[in-house]
Amino acid sequence: LGTAAAVAAVESGLPADSSGRGPGLLASIHALAQTYDCLTAGLGQSSGQALEQMNGRLRARFSTDLIGLFTQWAFSQGTTA
């Protein structure tokens with residue numbers, strides 16, 4: 001997930017917070033990863049099913065840019081079956 005975080009930081013264009021305060025980019029990525037983990041490991045869904053829900057009914061909870069990048073990352077891992 002470190003690579004996804006690095007790519008998301010660059011691609012999302014979110015401003016850097018040098019003070020380290022506020023929810024920020026890493027909190028947003030953590031929320032995506034936690035939801036993905038809950039759906040796959042917790043509920044036993046396949047990666048594809050989890051991504052379908054995250055891009056469907058759960059999409060409003062996430063940044064459009066980040067969910068897109070997270071989805072691309074997950075597909076690049078080859079584990080979406």
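Everything numeric in this text was worked out from a predicted model, so none of it was measured.
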Asks: Can you name the side chain to side chain contact (heavy atoms under 4.5 Å, CB included) partners of Q72, sequence neighbours left out?
Replies: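 Scan of Q72 (side chain to side chain contact (heavy atoms under 4.5 Å, CB included), adjacent residues dropped) gives L69.
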Asks: Side chains of I67 and L58: closer than 4.5 Å at any heavy-atom pair?
Replies: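 Heavy-atom side-chain distance check fails, nothing below 4.5 Å.
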Asks: Does any part of the side chain of Q53, heavy atoms only, come nearer than 4.5 Å to the side chain of Q45, both counted from C-beta?
Replies: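 Yes. Closest side-chain heavy atoms under 4.5 Å.
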Asks: Using a 4.5 Å cut-off on heavy atoms from C-beta on, say whether the side chain of L32 contacts that of M54.
Replies: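 Yes - at least one pair of side-chain heavy atoms lies under 4.5 Å apart.
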Asks: Rounded to the nearest 0.5 Å, what separation is found between the OG1 atom of T35 and the CZ atom of R61?
Replies: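 So the OG1 of T35 and the CZ of R61 are separated by 7.5 Å.
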Asks: Partners of N55 by side chain to side chain donor-acceptor pair (under 3.5 Å), sequence neighbours excluded?
Replies: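 Counting only residues at least two positions away or on another chain, N55 forms a side chain to side chain donor-acceptor pair (under 3.5 Å) with R59, T71.
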Asks: Measure the shortest side-chain to side-chain distance between S47 and Y36 over non-hydrogen atoms and say whether it is less than 4.5 angstrom.
Replies: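 S47 reaches Y36 side chain to side chain.
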Asks: Minimum heavy-atom separation for T40 to A50, with atom names?
Replies: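 Looking at all heavy atoms of both residues, the closest pair is CG2-CB, 3.7 Å.
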